[in-house]
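Here the structure is laid out as structure tokens; the discussion comes afterwards.
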2 protein chains.
Amino acid sequence: MEPNLYDRNCGSRQVLDRIGDRWSVLVVLALADGVKRYGELAQRVDGVSQKMLTQTLRGLERDGLVTRSVHAEVPPRVDYALTGLGRSLLDLLSGLRTWATTHLPEVEAARARYDAR
Amino acid sequence: MEPNLYDRNCGSRQVLDRIGDRWSVLVVLALADGVKRYGELAQRVDGVSQKMLTQTLRGLERDGLVTRSVHAEVPPRVDYALTGLGRSLLDLLSGLRTWATTHLPEVEAARARYDAR
DNA sequence: CAGCATCCTTGGCGATACTG
DNA sequence: CAGTATCGCCAAGGATGCTG
């Protein structure tokens, strides 16, 4: 049988929930151009707290979208990178980014129109 | 200047936030095959409360993604449909749906692997 | 039928402090 | 540097009852 996205118990919807997560999207996009350290990500994704960044990265790692490699050094160094699966998702997400930026004017115009009534 | 998605105050990020909303995605997808009534949407999108469905529809309407047409009848009839802008987003979102369903096995396998450690 | 208003809870999230 | 641990808040969202 085909997965029903609208069923709250369907796995596909849980996958969508992860995709839909605000931070997950931004983190995956931030990893678009290759390996990044924890601190780099924290700096890049404006407004994310340490807690949420860690939590998001763990979630992405768990879902097989991101790899986490710890280097035995002092000071510690932890690298994050997209997996093949993660990169396949990246294609879609960068499409979303493009959509968001190109259609931003239309959305803002629509909002202004709506609020003016 | 180019919009910076990573800036929390950038409009493009607010657009992404709407896209990222769990219910917004499901509602837009539910409207893929044409006009739907309020009740149809409520039935289709499993688990959504009345409050959230209304709130989501208002948000989508405000952003110019959905139209709301009230028919002067008894009992009342309210139709929702995607705008051109909404349909342009639909293309991307159905891509996400496809991704979610086709890669679901990989994600579940990754989760099992992660949890087993 | 399609909603709005209200109350109430819960858990998401930020802030802070501490560690290997 | 890259996290964990803990506390506390508040706002998202569910449940219920009412209306045009």
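Quick note on labels: first sequence line is chain A, next is B, and so on, each numbered from 1.
For the OP1/OP2 pair of D/dA2 and a distance below 4.0 Å, the side-chain nitrogens and oxygens of A/R77 include no atom meeting the criterion. At least one side-chain nitrogen or oxygen of A/R37 sits closer than 4.0 Å to the OP1 or OP2 atom of D/dA2.
Atom CG of B/L53 and atom C1' of C/dG3 are 10 Å apart (whole Å). Look at CZ on A/R18: it is 14 Å from C1' on C/dG12, rounded to the nearest Å. When the C1' atom of D/dA12 is taken as reference, atom CG of B/D21 falls 11 Å away, rounded to whole Å. Rounded to whole Å, the distance from CD on B/E40 to P on C/dC1 is 12 Å. We find that CD of A/E61 is positioned 15 Å from P of D/dA2, with the value rounded to whole Å. Spacing between atom CE of A/M52 and atom C1' of D/dG3 amounts to 15 Å, rounded to whole angstrom units. Look at CG on A/D46: it is 15 Å from C1' on C/dG14, rounded to the nearest Å. The CD-P distance, from B/Q55 to D/dA11, rounds to 14 Å in whole Å.
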Polar atom pairs between nucleotides 4-8 of chain D and protein, under 3.5 Å, N or O only, would you list them?
unit_1	atom_1	unit_2	atom_2	d
D/dT4	OP1	A/R58	NH2	3.1
D/dT4	O4	A/Q50	OE1	3.1

Show which side-chain atoms of residues 109-117 of chain A pair as donor or acceptor with protein atoms under 3.5 Å away, not counting sequence neighbours.
unit_1	atom_1	unit_2	atom_2	d
A/R111	NE	B/D63	OD1	2.7
A/R111	NH2	B/D63	OD2	3.3
A/D115	OD1	B/R62	NH1	2.8
A/D115	OD2	B/R62	NH1	2.4

Exercise answer: donor-acceptor pairs, residues 71-79 of chain B side-chain atoms, under 3.5 Å, sequence neighbours excluded:
unit_1	atom_1	unit_2	atom_2	d
B/H71	NE2	B/D79	OD2	2.9

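Across its full length, the helix from C/dC1-D/dG20 to C/dG20-D/dC1 shows an angle of 60° between the axes of its 5 terminal pairs at either end, rounded to 10 degrees.
Between the side chains of B/T54 and B/Y38, at least one donor-acceptor pair of N or O atoms lies under 3.5 Å.
In terms of the salt bridge (Lys or Arg N to Asp or Glu O under 4.0 Å) criterion, B/D91 has no residue partners (sequence neighbours excluded). Among residues two or more places apart in sequence or in another chain, the salt bridge (Lys or Arg N to Asp or Glu O under 4.0 Å) test is passed with A/D7 by none.
Listed nucleotides: D/dG13, C/dG14, C/dC1. Nearest to the side chain of A/W23: C/dG14.
Contact annotation: the side chain of B/L41 approaches that of B/L53 to within less than 4.5 Å [non-hydrogen atoms, C-beta and beyond]. Here the side chains of A/L5 and B/L26 are in contact, with some heavy-atom distance below 4.5 Å.
Considering all non-hydrogen atoms of both residues, B/A100 and A/S12 come closest at CB-O, 3.8 Å.
A donor-acceptor pair under 3.5 Å is absent between the side-chain atoms of A/Y80 and the main chain of A/E61, judged by distance alone.
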